[in-house]
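Single-structure report; data block below.
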Amino acid sequence: MNIRLISRIAVALLFARWKQTLVAAIGVTFSITMFIALLSFMSGLNNLLDGLMLNRTAHIRIFNEIKPNLHQPVHLLGEFKKRYNFIRSVKAGSSRQAIYNSGAITQVLNRDSRVRGVAPKITAPVFFNDGAIDITGVIYGIDVTAESNLFHFSEYVVSCNPLDLKNIPNSIILGEGLAAKLMAGIGDVVLVTTVTQEQFSLKVVGFFRSGVQELDKVQSFASIGTAQKILGKPVDYITDIQVKLNNMDLAPAMAKEYAQLFQADAEDIQAANAQFETGSFVRTLISYLVGITLLIVAGFGIYNILNMMIYEKMDSIAILKATGFSGRDVNLIFMTIALSIGLFGGLMGLLFGFLFSLVIDQIPFITVALPTVTTYPVDYNPVFYFIGFSFSTVTTCLAGWAPARKASGMDPVIIIRGK
Amino acid sequence: MDDAIVLQASHICKNFHDPVVVKVLDDISLTINQGEFIAITGKSGCGKSTLLYILSTMDTDYEGELSIGREIMRGKSEKQLALVRNGKIGFVFQFHYLLNEFTALENVMLPGLKLGRYKEEEVKERAMEHLRKLDVEKLADKKSNQLSGGEKQRVAIARALINDPEIIMCDEPTGNLDKKNSLIVFDIFRQLAEEHHQTLLVVTHDGDFAKKTHRIIEMGDGKIMKQ
Ligand SMILES: Nc1ncnc2c1ncn2[C@@H]1O[C@H](COP(=O)(O)OP(=O)(O)O)[C@@H](O)[C@H]1O
Ligand SMILES: [Mg+2]
């Protein structure tokens with residue numbers, strides 16, 4: 001009953017000054033609109049840029065690093081066991097790049113509930129023969145299906161069906177830059193020489209455009225089987241196992257665990273790509289700062305209109321108090337006014353922010369680097385809407401608090417005497 | 001019934017510190033019984049309004065004892081005092097204090113809705129009844145800033161009546177009205193006192209007005225000169 005009465009009085013006061021009230025509400029609407037649009041756009045851009053690298057990078061990569069053996073004979077010799085031994089010019093011995101027992105490892109990984117998926121990979125350094133010139137490059141042997149599911153491989157393949165790689169024997173997908181150098185078209189055959197001087201002919205079935213030109217000048221993809229054939233290795237030969245996790249944050253801890261368990265090297269994405277996190281973080285931070293600044297400005301708008309209203313409505317406050325409304329009631333009336341402005345402005349802001357995001361989403365954004373992107377990226381994350389709305393509510397509460405307190409503390413005697 | 005004490009004030013003193021201490025009220029004691037129609041008169045500046053603000057619980061900065069309906073006012077919270085004003089006291093000011101955002105009817109209803117003793121429909125009916133009694137029911141749906149001074153004052157009286165208060169206090173209710181409207185307002189007060197046994201405490205410096213009441217309290221220099 002009391003709440004209904006208070007909101008009724010609040011609404012009456014609101015509509016008595018509806019123009020100023022509307023201006024204050026529009027201030028909130030504007031800032032929330034910009035907040036939503038800015039964050040959606042920035043986040044979309046972040047996801048896009050991160051996607052350039054992070055989407056295609058394994059959360060954990062298991063491999064065998066070529067390095068000198070840690071267990072040198074001198075360490076085992078009784079006399080020198082307890083000493084610190086300096087050994088110069090140690091060479092990496094006959095350590096092999098292949099992962100031992102790759103089949104078993106894959107099985108273990110697939111059973112781990114923290115793992116989203118596993119993709120094997122073979123790195124084969126080769127020369128592409130173009131007439132008299134050899135171009136250094138690398139062929140990655142991949143499992144096309146796993147690679148597409150986990151690392152968006154198919155999104156970066158242009159002008160062919162990526163599955164051709166699996167279905168057509170001895171086929172290859174060339175990086176765009178590399179294909180241009182070799183002047184190879186689809187259906188052409190390219191000649192490659194391995195480091196062990198073995199020659200191979202491969203049929204070009206498509207091109208790959210990663211968005212990083214330097215990479216596209218050297219890399220190309222073949223199926224696992226083809227890569228094993230090129231290298232002359234058996235069917236269990238795998239040089240990398242790429243693991244994608246459900247929660248990327250677990251990667252550093254799990255990398256250590258796997259290195260122990262599988263007696264191999266394991267590198268986590270955070271160690272490999274530290275700078276990307278920083279970039280995203282700074283961009284997000286800036287968006288939030290701009291959004292909050294806008295909201296604070298809007299908050300001052302509300303504060304102003306309420307202050308003005310209180311001076312204008314001093315007589316009304318005196319009457320209300322004289323006829324039995326308590327300071328708390330008056331406080332509630334003005335808080336209700338502030339919150340109505342905030343909630344109305346905030347909700348309109350969410351709506352306009354969403355519409356604005358839709359508009360941004362329609363603006364063409366064509367870049368050679370990103371074949372799948374045609375318009376500006378927008379992230380329609382509900383979290384932004386939630387944060388925007390909470391912010392506007394909190395700001396209006398803060399802006400309304402001081403004026404409402406002032407109104408509730410007004411002494412009716414002083415006002416009535418002042419007439 | 002007639003002897004029931006509605007309001008009792010004993011030894012009320014009030015000082016203003018502005019910047020020297022000025023004694024505005026000096027040891028005021030008075031008792032008001034149910035059904036009395038009392039006028040407070042005195043020169044301008046002798047402290048009549050100040051006394052009325054204290055008696056109406058709006059001013060709490062005083063020395064002495066005040067009880068309304070045998071309830072002692074000292075020590076009550078701001079909220080409790082608001083409740084007392086809402087339920088037990090009707091107030092009519094010199095200036096026609098109505099809320100401009102509301103119609104005449106809504107202005108009368110507001111204290112009733114705040115009290116919540118009756119449902120909204122009943123409050124509305126009662127408000128209309130009071131407006132009819134004061135001959136302003138035709139103005140019920142007009143915004144209060146469209147009313148004339150005399151009409152506003154009658155609506156204000158209706159508002160003071162809405163919660164059946166134990167006492168109605170008025171601070172120079174006719175001070176801003178012409179002769180004709182003053183007479184109308186006075187007639188209303190007399191009717192309330194005589195027909196409805198409404199207790200009334202009216203501050204006025206209109207001698208003719210005062211003479212027609214039951215009891216005159218004359219003030220001078222912060223003291224009661226004559227009862
Ligand atoms: N806030 C105040 N500070 C100092 N003096 C005041 C204040 N309010 C009123 N007074 C003084 O108190 C005296 C009584 O005022 P008031 O009660 O309004 O008189 P009345 O209503 O009888 O004309 C006056 O002399 C006035 O100047
Ligand atoms: Mg006065």
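A donor atom on one side chain and an acceptor atom on the other are not found under 3.5 Å apart for N246(A) and R114(A). Side-chain contact check for S40(A) and D379(A): no donor-acceptor pair (N or O, by modelled atom type) lies under 3.5 Å. D329(A) and S326(A) share a side-chain donor-acceptor pair at under 3.5 Å. In the model, N46(A) has a side-chain atom that pairs as donor or acceptor with a side-chain atom of T284(A) under 3.5 Å. For the residue pair D178(B) and N181(B), a side-chain donor N or O sits within less than 3.5 Å of a side-chain acceptor on the partner.
Looking only at side-chain heavy atoms (C-beta outward), N15(B) and V24(B) stay at 4.5 Å or farther from each other. Residues F356(A) and F41(A) form no side-chain contact, since every pair of their non-hydrogen atoms from C-beta on lies 4.5 Å or further apart. Side-chain contact between F189(B) and F209(B) is present, with at least one heavy-atom pair separated by less than 4.5 Å. Contact annotation: the side chain of T33(A) never approaches that of F354(A) to less than 4.5 Å [non-hydrogen atoms, C-beta and beyond].
Proximity to chain A involves both the backbone and the side chain of L110(B), based on heavy atoms less than 4.5 angstrom apart.
Within residues 8-24 of chain A, the residues that have a heavy atom under 4.5 Å from a heavy atom of chain B are R8(A), I9(A), A12(A), L13(A), A16(A), listed by number. Heavy-atom neighbours of chain B within the stretch residues 391-406 of chain A, taken at a separation under 4.5 angstrom, are nonexistent. Against chain A, the residues from residues 73-89 of chain B that qualify, each with a non-hydrogen atom under 4.5 angstrom away, are E78(B), K79(B), A82(B), R85(B), N86(B) in number order. Residues of residues 55-66 of chain B that come within less than 4.5 angstrom of chain A, heavy atom to heavy atom, are M58(B), D59(B) in numerical order.
Of all heavy-atom pairs spanning P165(B) and A160(B), the tightest one is CG-O, 3.2 Å. Across every non-hydrogen atom of P377(A) and L45(A), the tightest pair is CG-CD1, 3.7 Å. Nearest heavy-atom pair, S357(A) versus Y385(A), reported as atom, atom and distance to 0.1 Å: OG-OH, 4.1 Å.
The pair K142(B)-E151(B) does not count as a salt bridge, with every side-chain nitrogen at least 4.0 angstrom from each carboxylate oxygen. Between R126(B) and D164(B) a salt bridge is recorded (basic side-chain N to carboxylate O distance below 4.0 Å).
Within the cation-pi definition used here (under 6.0 Å to the ring centroid, within 45° of the axis), K14(B) qualifies as a partner of F16(B).
Listed for the N107(B) side chain is a donor-acceptor partner under 3.5 Å among the backbone atoms of L99(B).
Between F93(B) and F91(B), the ring center distance clears the sub-6.0 Å criterion.
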